[in-house]
Student: 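Supplied in structure tokens, the structure appears directly below.
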Amino acid sequence: MTTDAPARTQRPERFDPSTFEQKWRDRWEVDELYVARDDDPRPKRYDLTMYPYPSGDLHIGHWFAMTGPDIVARMHRMQGYNVMFPMGFDGFGLPAENAAIDRNIHPATWTFANIDTMRRQMRLMGASFDWTREVVTCDPDYYRWQQWLFLKLYEAGLAYKAMGAVDWCPKDKVVLAREQVVGTERRCWRCNTQVEKRDLEQWYFRITSYSDELLNFDGLDYPEPIKAMQTNWIGRSEGAEIDFPTEPDDVEPIRVFTTRPDTVFGATFMVLAPEHALVTVLTTDDRRADVEAYVASARRETEIERLNTEREKTGVFIGAYAVNPMTSERIPIWIADYVLPGYGTGAIMAVPAHDERDYEFARKFDLPIRYVVAPASGPLPEGEALVGHSADEVLIDSGEFSGMPAAEAIGAITRALEERGQGQFAVTYRQRDWVAGRQRYWGAPIPIIYCDEHGAQPVPDEQLPVVLPTDVDFAPTGVSPLQSHAAFLHAECPVCGAAARRETDTMDTFVDSSWYFLRYCSPHDDAAPFDRAKVDEWMPVHLYTGGAEHAVMHLMYFRFFTKALRDLGLVGLDEPTLKLRNQGQILGADHNRMSKSRGNVQAPDELVERYGADTVRAFLMFIGPWDQGGPWNPSGIDGIHRWLSRAWGAAVVTEGPADVADPETERALRRAAHVATGEVTDDIAEMHFNTAISRLMELTNALVRAREAGLAGTAAYAEAADTLLLLMAPFTPHTAEELWERRGHAYSVHTQSWPIADAALTATETIELPVQVDGKLRDRLVVTPDTPAEEIERMALASVHVQRYLGGQAPAKVIQIPGRLVNVVTPR
RNA sequence: GCCGGGGUGGCGGAAUCGGCAGACGCGUCGGUCUCAAACACCGAUGAGUGCAAGCUCGUGUGGGUUCAAGUCCCACCCCCGGCACCA
């Protein structure tokens, strides 16, 4: 109706972040408040959060992820640590190419423009990043050293090129590491397209050399799910390899891997993967046509979809026989697609009585089923396999091993086979080597030169970096785009100088993120990837935070890289970080992942425009546990704004002498400040930011009440208000800074010492003791902490609310938990 | 199926070395202010019952241990994430 709203600025005490937030950010920047110096004598602390991919805009999820560790880093600084909290950009990667193709601009242009935008957005949130250490992985100054590290790994045999069946994303036209294929439906982790199998020559990192070490989490404070996922992913299985001689010619024995060598007497047939090398050798002429048809169909199947694990077993007999090394029995050799070429030895001894899959197969093709393990008491199962390993099982029909407990027989039979040279203990892993090369343009070139005479040769150090040329037609074809760039492709052999070809594959971007944390320690070093002395001083990372979605990708690769570099003598570390924490994910309001295509992305900018950065930061930290996340729901942000307004009022309006000198109220306020100090400190350390903010709200409310009670001019009030600002500083750095100044203190609140809770001041004069009867709350007693137990018991029993239940009888028992409660137990 | 995490008011969530369930906030209702509305502020707010003091019930379900269970034990249900013909 009317448009004449009163101007907001006419009330000077009103909380209006737009009047001061930018001012303070600029000042912190100029004063280098958050720059970590190597020569600072205070104890060093390296707090790291995962750098983002420069997709172009920071959404509310980035703020959520980064504000938590920012709060921790800020508290650590105030606690007297020399904190390094760096930030950078994961500059290489497919989205840049895809965007570049869509918009007809160069990936470099797109990426660096996005980095500028995101840097600005990150500054807007008032995070305390040390921008002097910024790392951008697509910068030749960075990837030069990555190429250098690649060659170190190559020379150590930890990077190698080999032919193999690899996962291929038909949309991105790129190979994927096995970890980058997600879910039962085997989709590309990035674009969600179903992957295909292809036989290609690829670069690999020998991560499987570290499988056992990667399984060891001793001394690592990692979230349970991450440890479980990595452990599952590596998939260590202990068992035995057993050789089964073949008939008629015994060209070569078939080697199988089994976790149940105790069941070898029950192996009544063998199954090879259709791809197994011995299939063509062993197949008899009369079976050849059927076998070849089956192999062809199995190959086709893996290329199409092998989604249905519920389908009926298929397979064919190849006409040949093997000999069970324990029973000397001739057993038929089959091929079937349920035996996978990439696991174990690609061949199994089939023990249908003790394996569900073998059982199903035997029933379908009418093969013998022989139980060789039985429960110590009770009957054998009927119509199903006896699987699992219950402790009381013993062997039956197993020659001299009959009667032996199954658990014991595993070792005994393996040793027996070993003596005959037909078997040995063995360990198998599910984990595969990391496919490290990519057939795309926007990545770090792999620094290898191929000479007809001298084969693959590393690019000499002095020729690094192998710079990624800019004038490349990078449209994806499935072949590395650099192959069509003649000037790049042609090189001289480092050995003989003859015309040679450059490797045109580029590195997986996960290589970039496998060592960036080391580069932060000496980001401008132009003589080495990192300065060993500085790495020794800063590393390992004290607290690493980021998303859990990288459980078996980045979070495994960066551990592998650290261990590999250690073995090369380049670092003195076993692990990149000793403590890992994952934030939850902020979903769209529709409970789906935020994405542009769904249109559910919440940008922080408009919220900041309306409420200011501090309100947005605090709201994100308040909505729930930081490690949980959840759907975006802005209802409640007004509550945070109200809190900051109240804090503003409480901190600013302190003038005037105390109207009422009430020592008890004053003590209560002082106590509130110290209680809040202790709790906020603990909460930040445990990353319980939501409860920390609750405590800050409580302290604010205590101040407001104290002011109403006339305490505004007292020392206790001033101390509590100052404490509030110090505790708020990590959460709402701008508001704390502004109020710190308005209270007449010297700049900056962020260089003050973190307050310490005084236990003497948090103690109370009286405590309220709940009184229970049979565990149900019936009354409360107010006593001093030193009241003797007999006195408390007397008071409790005197209570009318207790007497009502006792009815004049003496209690059966009275239980006291000192300082906590009293429980009167009635006789029964 | 296996591994991991989780089920608490109308909502987000507190509280787990067993000891007052529901902190803090949102929302809602009532009030103050206002011509009115918004904002702000004050009060109430788990459910049921009672004039009231109070009582009963209540943390996914069913059992159990205990003076006392959201918390521990057994069995199960549901949700989320990961893996899955892994021998």
Side-chain angles (χ1 to χ4, degrees), chain A residues 1-2 5-6 8 14 182-184 223-233 235-237 239 256-260 263 271 273 306 308-311 313 336-340 342-351 354-358 360-361 428-431 548-549 551-552 584-585 591 619 622-625 627-628 630-631 633-640 642-643 645-646 649 679 688 690-698 700-701 704 708 768-780 800-801 804 811-817 819-826 828:
Chain A
M1 201 167 155
T2 174
R8 290 176 158 189
R14 191 176 171 280
V182 179
T184 317
E224 216 50 55
I226 299 291
K227 289 195 274 189
M229 275 193 258
Q230 292 196 1
T231 302
N232 285 343
W233 188 261
R236 180 187 160 100
S237 289
V256 302
F257 173 76
T258 178
T259 54
R260 295 293 306 275
T263 64
V271 187
R306 290 187 54 187
N308 188 5
T309 58
E310 305 289 302
R311 68 193 172 152
K313 293 271 179 292
D337 62 4
Y338 81 91
V339 176
L340 308 173
Y343 184 78
T345 60
I348 62 162
M349 62 174 201
V351 185
H354 302 290
D355 182 280
E356 279 170 5
R357 296 150 302 181
D358 298 346
E360 196 190 324
F361 195 83
T428 287
Y429 301 87
R430 209 183 73 103
Q431 184 178 39
E549 66 273 18
V552 293
Q585 197 164 51
H591 292 58
F619 176 61
F622 185 63
I623 52 180
D627 58 4
Q628 193 174 296
N633 176 7
S635 82
I637 193 165
D638 288 323
I640 293 290
R642 279 200 278 271
W643 163 52
S645 299
R646 284 160 70 79
E679 288 178 335
H688 295 163
N690 56 331
T691 50
I693 291 175
S694 298
R695 307 299 167 223
L696 293 172
M697 288 172 168
E698 284 173 333
T700 306
N701 293 342
V704 170
E708 282 163 4
E768 196 181 64
L769 225 47
V771 179
Q772 297 181 336
V773 176
D774 292 334
K776 285 190 181 0
L777 179 69
R778 297 302 180 191
D779 201 1
R780 294 166 191 282
V800 289
H801 298 296
R804 182 169 25 203
K813 208 196 284 189
V814 177
I815 291 159
Q816 282 200 44
I817 308 297
R820 298 302 293 270
L821 58 48
V822 184
N823 189 18
V824 177
V825 183
T826 57
R828 50 180 87 157

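Residue numbers begin at 1 in each chain, while the letters A, B, ... track the order of the sequences.
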Student: Do the side chains of A:Arg778 and A:Val771 get nearer than 4.5 Å, heavy atoms only?
Tutor: no
Student: For A:Val339 and A:Ala273, work out which heavy atoms get closest and say how close.
Tutor: O-CB, 3.3 Å
Student: Considering only B:C26, B:A87, B:G82, which nucleotide approaches the side chain of A:Met229 most closely?
Tutor: B:G82
Student: Given side chains that start at C-beta, do those of A:Pro811 and A:Thr826 come closer than 4.5 Å, heavy atoms only?
Tutor: no
Student: Could you run down nucleotides 45-57 of chain B 5' to 3' and tag each one B, S or - for protein heavy-atom contact under 4.0 Å?
Tutor: ---------SSSS
Student: By nearest atom, which of the nucleotides B:A87, B:C42, B:A14 is closest to the A:Arg646 side chain?
Tutor: B:C42
Student: Can you measure A:Asn633 atom CG to B:G27 atom C1' for me and round it to whole angstrom units?
Tutor: 11 Å
Student: Checking side-chain contact (heavy atoms from CB on, under 4.5 Å) for the pair A:Thr258/A:Val351: CA distance, chi angles, key distance, verdict?
Tutor: CA-CA 10 Å; A:Thr258 178; A:Val351 185; over 6 Å; no
Student: Answer yes or no: are there more than 12 heavy-atom neighbours, outside A:Glu356 itself, under 6.0 Å from its atom CD?
Tutor: no
Student: Would you say a side-chain N or O of A:Thr345 is under 4.0 Å from OP1 or OP2 of B:A87?
Tutor: no
Student: Under 4.0 Å between any heavy atoms, over every strand shown, what does A:Gln628 touch: base, sugar-phosphate, or nothing? Just pick one.
Tutor: sugar-phosphate
Student: For A:Gln585 and B:G82, what is the distance between atoms CD and C1' respectively, to the nearest whole Å?
Tutor: 14 Å
Student: Taking the side chain of A:Asn823 as its heavy atoms from C-beta onward, which of B:C26, B:G19, B:A87 lies nearest to it?
Tutor: B:G19
Student: Can you find a donor-acceptor N/O pair under 3.5 angstrom joining the side chain of A:Arg780 to the base of B:C20?
Tutor: yes
Student: Where does RNA chain B form stems of at least three consecutive Watson-Crick or G-U wobble pairs, each pair having both distances below 3.5 Å?
Tutor: B:1-7 with B:77-83, B:10-12 with B:24-26, B:27-32 with B:40-45, B:46-49 with B:54-57, B:60-64 with B:72-76
Student: Does A:Arg260 make a side-chain N or O approach to OP1 or OP2 of B:A87 shorter than 4.0 Å?
Tutor: no
Student: Does a nitrogen or oxygen in the side chain of A:Arg430 sit under 4.0 Å from OP1 or OP2 of B:G82?
Tutor: no
Student: Just N and O in the side chain of A:Gln772: are any of them under 4.0 Å from OP1 or OP2 of B:G19?
Tutor: no
Student: Just how far is it from atom CZ of A:Arg260 to atom CD1 of A:Ile348, taken to the nearest 0.5 Å?
Tutor: 13.5 Å
Student: Assign A:Arg820 to base, sugar-phosphate, or nothing according to its heavy-atom contacts below 4.0 angstrom with the strands shown.
Tutor: sugar-phosphate
Student: Where each residue is assigned the nucleotide of RNA chain B containing its nearest heavy atom, which of A:Tyr343 and A:Val824 is assigned the position nearer the 5′ end?
Tutor: A:Val824
Student: Quantified in whole Å, what is the P atom distance between nucleotide B:C3 and nucleotide B:C74?
Tutor: 14 Å
Student: Could you please name the option among B:A87, B:G4, B:G12 that lies closest to any side-chain atom of A:Ser237?
Tutor: B:A87
Student: Would you call the rings of A:Phe361 and A:Tyr338 parallel, tilted or perpendicular, where under 30° means parallel and over 60° means perpendicular?
Tutor: tilted
Student: On RNA chain B, check which nucleotide each of A:Gly344 and A:Glu768 is closest to and give me the residue with the more 5' one.
Tutor: A:Glu768
Student: Would you mind reading off the distance between A:Gln816 atom CD and B:G18 atom P, rounded to a whole angstrom?
Tutor: 20 Å
Student: Between B:C2 atom C1' and A:Trp233 atom CH2, what is the distance in whole Å?
Tutor: 15 Å
Student: Report yes if some heavy atom in the side chain of A:Thr691 is under 4.5 Å from a heavy atom in the side chain of A:Phe622; otherwise report no.
Tutor: no
Student: Roughly how far apart are A:Phe619 CZ and A:Ser635 OG, rounded to 0.5 Å?
Tutor: 6.5 Å
Student: Please tell me if the side chains of A:Asn701 and A:Arg646 come closer than 4.5 Å, counting only heavy atoms from C-beta onward.
Tutor: yes
Student: Rounded to the nearest angstrom, tell me the gap between atom CH2 in A:Trp643 and atom P in B:C39.
Tutor: 22 Å
Student: Using the P atom in both, what is the distance from B:A44 to B:C26, to the nearest Å?
Tutor: 15 Å
Student: Contact class for A:Asn690 (heavy atom, under 4.0 Å): base, sugar-phosphate, or nothing?
Tutor: sugar-phosphate
Student: Measure from the side-chain heavy atoms of A:Met697 and tell me the nearest of B:A87, B:G19, B:G25.
Tutor: B:G25
Student: With rounding to whole Å, what would you report as the distance between B:C39 and B:G22 at their P atoms?
Tutor: 30 Å
Student: From B:A23, B:A68, B:C26, pick the nucleotide closest to the side chain of A:Ser694?
Tutor: B:A23
Student: Is the base of B:C83 touched by the side chain of A:Asn232 through a donor-acceptor pair closer than 3.5 angstrom?
Tutor: no
Student: Give, for atom CZ of A:Arg430 and atom OG1 of A:Thr231, the distance between the pair rounded to the nearest 0.5 Å.
Tutor: 11.5 Å
Student: Given the C1' atoms of B:U71 and B:U59, what is the spacing between them in whole Å?
Tutor: 10 Å
Student: Of the candidate nucleotides B:G5, B:C24, B:G27, which contains the atom at the shortest distance from the side chain of A:Phe622?
Tutor: B:C24
Student: Base, sugar-phosphate alone, or nothing: which one does A:Ile623 contact when heavy atoms must sit under 4.0 Å apart?
Tutor: sugar-phosphate
Student: Could you tell me how far B:G6 sits from B:C57 if I compare only their C1' atoms? Round to whole Å.
Tutor: 26 Å
Student: Base, sugar-phosphate alone, or nothing: which one does A:Pro625 contact when heavy atoms must sit under 4.0 Å apart?
Tutor: sugar-phosphate
Student: At 4.0 Å (heavy atoms only), tell me whether A:Gly183 reaches a base, stays on the sugar-phosphate, or touches nothing.
Tutor: sugar-phosphate
Student: How close or far is atom C1' of B:A15 from atom NE2 of A:His688, stated in whole angstroms?
Tutor: 12 Å
Student: Taking only the side-chain heavy atoms of A:Glu224 (C-beta and beyond), determine which of B:C67, B:A15, B:G5 contains the nearest atom.
Tutor: B:G5
Student: Rounded to whole angstrom, note down the C1' distance from B:G70 over to B:A14.
Tutor: 12 Å
Student: Does B:G25 have OP1 or OP2 sitting under 4.0 Å from an N or O in the side chain of A:Asn701?
Tutor: yes
Student: Take atom P in B:G7 and the same atom in B:G12, then report the distance between them in whole Å.
Tutor: 12 Å
Student: For the C1' atoms, the ones on B:G48 and on B:G9, what distance do you get once it is rounded to whole angstrom?
Tutor: 14 Å
Student: Taking side-chain contact (heavy atoms from CB on, under 4.5 Å) as the criterion, tell me which of A:Val773, A:Asp774, A:Val814 meets it with A:Val825.
Tutor: A:Asp774
Student: When rounded to the nearest 0.5 angstrom, what is the spacing between CD in A:Gln816 and CG in A:Leu821?
Tutor: 9.0 Å
Student: Compare the minimum distances between each of B:A23, B:G19, B:C83 and the side chain of A:Val182, then state the nucleotide with the smallest one.
Tutor: B:C83
Student: Is there a side-chain contact between A:Arg14 and the phosphate of B:A40, meaning an N or O under 4.0 Å from OP1 or OP2?
Tutor: no
Student: Would you mind telling me which of B:C26, B:A23, B:G19 lies closest to the side-chain atoms of A:Ile815?
Tutor: B:G19
